[in-house]
Amino acid sequence: MAILEKLKSKKIVVIGAGTTGKSITNFLIEKKIEFTIYDEKIEELNGLPVSNSLTGKEELALISPGWRPDHHVFKELKNAGAELISEIDLAYLLKTEINPSQIWLAVTGTNGKTTCVQMLESILSESDLRAVGCGNVGLP
């Protein structure tokens with residue numbers, strides 16, 4: 001099943017109403033996919049209500065970075081049988097469908113990620129390759 005069809009068939013919750021959550025909700029709204037939003041600190045995002053509790057009917061959780069893996073919300077979702085994926089997982093699933101030949105470079109580590117991503121973007125762009133630094137650097 002195509003990822004967009006899968007998303008339209010699931011009860012989705014976006015975990016986190018920060019920068020990444022906003023980006024995910026914008027995408028879901030654009031694609032006319034229904035969802036709810038969970039966050040413990042924010043009450044509204046993009047004019048939509050944000051809940052600090054789950055319904056127990058969630059089938060797919062789209063998780064923003066920064067949430068501790070031992071947070072109680074993940075145990076609740078797993079106990080309810082929900083599938084949990086990060087926003088990077090979602091982006092990769094979409095990429096494999098929409099633009100499978102696109103190449104990604106990923107940078108991990110503790111220090112220097114932003115500088116490294118900016119340097120890679122600059123090198124690639126100067127080499128006449130289309131490059132976009134994203135993630136914690138600019139575009140989520």
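Count residues from 1 along the sequence.
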Considering residues at least two apart in sequence or located in another chain, which fulfil the side-chain contact (heavy atoms from CB on, under 4.5 Å) criterion with [X]?
{"X": "T114", "answer": "Q118, V137"}
{"X": "I88", "answer": "S86, W104"}
{"X": "S125", "answer": "E121, A131"}
{"X": "N52", "answer": "none"}

Keeping to residues at least two apart or across chains, list the salt bridge (Lys or Arg N to Asp or Glu O under 4.0 Å) pairs with something in [range].
{"range": "residues 40-65", "answer": "none"}
{"range": "residues 128-140", "answer": "none"}
{"range": "residues 64-75", "answer": "R68-D70"}
{"range": "residues 100-120", "answer": "none"}

Measure across [X] and [Y] and return the closest heavy-atom pair with its distance rounded to 0.1 Å.
{"X": "G21", "Y": "V14", "value": "CA-CG1, 4.1 Å"}
{"X": "V50", "Y": "L45", "value": "CG2-N, 3.7 Å"}
{"X": "G16", "Y": "S64", "value": "O-OG, 3.6 Å"}
{"X": "I33", "Y": "F35", "value": "O-CD2, 3.1 Å"}
{"X": "A17", "Y": "I37", "value": "CB-CG2, 4.1 Å"}

Could you check if a side-chain atom of L93 sits within less than 4.5 angstrom of a side-chain atom of I85, using non-hydrogen atoms only?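 Contact flag for L93/I85 side chains = yes.
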
With side chains defined as the heavy atoms from C-beta onward, is the minimum distance between I29 and L48 less than 4.5 Å? yes

Apply side chain to side chain donor-acceptor pair (under 3.5 Å) to T20 and list each qualifying residue two or more places apart in sequence or on a separate chain.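 Partners of T20 under the side chain to side chain donor-acceptor pair (under 3.5 Å) test: none.
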
Of all residues at least two apart in sequence or in a different chain, which pass the side chain to side chain donor-acceptor pair (under 3.5 Å) check with T19?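 Listed in chain order: nothing, the list is empty.
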
Answer yes if M119 and L105 sit in the same cluster of Ile, Leu, Val, Met, Phe, Trp and Tyr residues linked by side chain heavy atoms under 4.5 Å apart, and no otherwise. no

Counting neighbours of [atom1] on [X] that are heavy atoms of other residues, nucleotides or ligands and sit closer than 6.0 Å, is the number greater than 12?
{"X": "L129", "atom1": "CG", "value": "yes"}
{"X": "K10", "atom1": "NZ", "value": "yes"}
{"X": "E126", "atom1": "CD", "value": "no"}
{"X": "Y92", "atom1": "OH", "value": "no"}

Please report the interatomic distance [atom1]([X]) to [atom2]([Y]), rounded to the nearest 0.5 Å.
{"X": "L62", "Y": "S23", "atom1": "CG", "atom2": "OG", "value": "11.5 Å"}
{"X": "I98", "Y": "L4", "atom1": "CD1", "atom2": "CG", "value": "6.0 Å"}
{"X": "K31", "Y": "N26", "atom1": "NZ", "atom2": "CG", "value": "12.5 Å"}

Output yes when a side-chain donor or acceptor of [X] lies under 3.5 Å from a complementary backbone atom of [Y], and no otherwise.
{"X": "T115", "Y": "G112", "result": "no"}
{"X": "K11", "Y": "L60", "result": "no"}
{"X": "K95", "Y": "P100", "result": "yes"}

Got a sec, which hydrophobics cluster with L77, joining ILVMFWY side chains under 4.5 Å apart, including via others?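 L77 shares its hydrophobic cluster with V13, I15, Y38, L54, I63, W67, V73, F74, L84.
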
Test K22 against N46 for side chain to side chain contact (heavy atoms under 4.5 Å, CB included), laying out the working first. CA-CA 7 Å; K22 185 174 184 176; N46 290 342; 3.2 Å; yes

With sequence neighbours left out, the residues meeting salt bridge (Lys or Arg N to Asp or Glu O under 4.0 Å) with E83 are K6

